[in-house]
Amino acid sequence: MSDISVRIDQVRSKILDASKKVNRNPEEILLLGVTKTVDVDVMEEALKCGITDVGENKPQELQRKYGLIGNRARWHQIGTLQTNKVKYIIDKVDLIHSLDRMALAEEINKRAEKIDRNIDCLVQVNISKEETKHGIFIEDLENFIRECARRFERINIVGLMTMAPDSDDEDEVRSVFRQLREVSDYIRDLSIDGVVMKDLSMGMSGDYQIAIEEGSTIVRVGTSIFGKRNYNI
Ligand SMILES: *Cc1c(COP(=O)(O)O)cnc(C)c1O
């Protein structure tokens with residue numbers, strides 16, 4: 001067996017353990033393979049091992065790889081999305097995880113209108129308020145979502161995404177995930193037209209088990225499957 005297949009099995013078994021621990025059905029958790037900087041050959045191998053969904057953070061890289069892999073994978077835009085790059089991915093992505101400002105929502109809506117499709121988006125929330133992190137602050141989230149739902153017919157808000165702080169303090173990380181879960185429940189209870197809070201994209205290589213215990217439905221795993229990234233590719 002290849003390294004990749006061994007690593008995917010390891011991650012899957014940890015997903016299973018974490019779900020069991022809190023009595024969750026592991027099938028409600030999507031393992032998103034984060035393939036930024038990963039070669040297409042290696043991605044092909046991951047697809048053979050049952051990875052169905054891949055996440056990229058650079059629109060042009062997504063576009064290039066999509067040209068080679070196409071709809072044999074489902075494509076996710078993760079990480080900051082510049083407004084002027086929406087056009088590269090709008091007809092390729094299944095889910096945008098990083099809706100974090102009104103200007104971006106406007107652009108996604110406009111581009112989606114042009115190709116006559118609706119785009120599923122997660123609103124990125126900056127819970128820890130670290131300056132290096134993007135996302136809407138919790139206290140602004142309700143208004144942001146209400147305005148998006150009112151103004152942008154082509155955007156389906158289907159959940160929330162966050163990044164945990166870079167911290168070894170498990171309690172701090174857990175608390176961030178828990179807050180995302182709680183605010184998602186709060187928004188769901190508002191029953192805003194056109195908004196469903198079905199997905200919580202939280203958890204990366206270092207913390208996906210904690211995220212699953214706190215209710216994650218999408219874990220974004222790169223390093224634990226593909227090894228350390230080489231940004232020179
Ligand atoms: C790179 C990246 C990941 C994956 O991180 P790993 O620690 O390699 O698993 C997840 N989410 C986002 C937004 C990323 O940019």
Side-chain angles (χ1 to χ4, degrees), residues 3-4 6-15 18 29-39 42-43 45-46 49 51-63 65 73-82 85-86 88-89 93-101 104 108 120-136 158-170 172-174 176-177 180-181 199-233:
D3 279 4
I4 297 285
V6 170
R7 289 199 188 122
I8 290 174
D9 283 352
Q10 283 167 350
V11 171
R12 286 208 188 283
S13 106
K14 287 184 183 170
I15 290 175
I29 297 150
L30 173 68
L31 172 56
L32 173 60
V34 174
T35 49
K36 56 193 190 198
T37 79
V38 174
D39 275 344
V42 178
M43 289 175 71
E45 209 182 324
C49 300
I51 293 291
T52 54
D53 290 63
V54 294
E56 294 283 341
N57 68 340
K58 295 212 169 72
Q60 277 117 321
E61 189 177 345
L62 191 155
Q63 183 183 39
K65 291 172 170 175
R74 287 168 44 88
W75 298 83
H76 298 240
Q77 169 69 35
I78 60 172
T80 316
L81 177 55
Q82 288 174 26
K85 300 209 168 137
V86 171
Y88 299 123
I89 58 155
V93 279
D94 293 283
L95 183 61
I96 295 177
H97 292 232
S98 46
L99 175 55
D100 61 357
R101 58 198 193 278
L104 180 59
I108 292 171
D120 287 353
C121 293
L122 305 176
V123 177
Q124 183 165 348
V125 186
N126 184 354
I127 292 183
S128 52
K129 294 194 170 167
E130 284 174 280
E131 276 181 24
T132 53
K133 293 208 162 44
H134 293 254
I136 306 286
V158 296
L160 306 176
M161 177 270 206
T162 201
M163 314 261 290
D166 298 319
S167 164
D168 293 333
D169 182 349
E170 187 183 313
E172 190 187 349
V173 170
R174 188 179 292 280
V176 164
F177 293 149
L180 192 73
R181 164 73 183 273
D199 278 315
L200 283 177
S201 169
M202 55 188 199
M204 322 199 323
S205 291
D207 53 28
Y208 65 90
Q209 288 160 285
I210 303 173
I212 289 169
E213 289 173 26
E214 296 302 326
S216 173
T217 66
I218 305 177
V219 290
R220 310 179 307 267
V221 180
T223 312
S224 291
I225 294 176
F226 299 106
K228 275 225 173 81
R229 278 179 286 278
N230 175 2
Y231 282 101
N232 298 321
I233 293 173

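Whatever order the structure lists them in is the order used to number ligands and atoms, beginning at 1.
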Ligand 1 atoms in contact with [X] (distance to a heavy atom under 4.0 Å):
X    : result
M163 : 13 (C)
K36  : 1 (C), 2 (C), 3 (C), 14 (C), 15 (O)
R220 : 4 (C), 9 (O), 10 (C), 11 (N), 12 (C), 13 (C)
T223 : 6 (P), 7 (O), 8 (O), 9 (O)
V221 : 9 (O)

Q) Counting heavy atoms only, which of S205, S201, S98 comes nearest to atom 6 (P) of ligand 1? A)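 Of the listed residues, S205 has the closest heavy atom.
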Q: Nearest heavy atom to atom 12 (C) of ligand 1 wins, so pick from I218, V11, I78, T37.
A: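 Nearest heavy atom to atom 12 (C) of ligand 1 lies in I78.
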Would you say [X] and ligand 1 have an N/O pair spaced under 3.5 Å apart?
X    : value
N57  : no
G222 : yes
S224 : no

Q) I108 and C121: which non-hydrogen atoms are nearest, and at how many Å? A)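 Of all heavy-atom pairs spanning I108 and C121, the closest is CD1-SG, 4.3 Å.
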Q | Taking every non-hydrogen atom, the tightest pair across R220 and T162 | A |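 Reported closest heavy-atom pair: NH2-O, 3.2 Å.
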Q. Mind checking whether S98 and T80 have side chains closer than 4.5 Å, heavy atoms only?
A.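 Side chain of S98 against side chain of T80, heavy atoms only: no contact under 4.5 Å found.
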Q) Under a 4.5 Å cut-off applied to non-hydrogen side-chain atoms, are E130 and M163 in contact? A)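 Result no, sub-4.5 Å side-chain heavy-atom pair not found.
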Q: Determine whether more than 12 heavy atoms belonging to other residues, nucleotides or ligands lie under 6.0 Å from atom CG of D169.
A: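 Correct, the count exceeds 12.
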Q | Donor-acceptor contact present, side-chain D94 to main-chain W75, <3.5 Å | A |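 At least one qualifying donor-acceptor pair exists.
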Q | From I51, V219, V221, I78, residue fulfilling side-chain contact (heavy atoms from CB on, under 4.5 Å) relative to L32 | A |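 Output: one option passes, namely I78.
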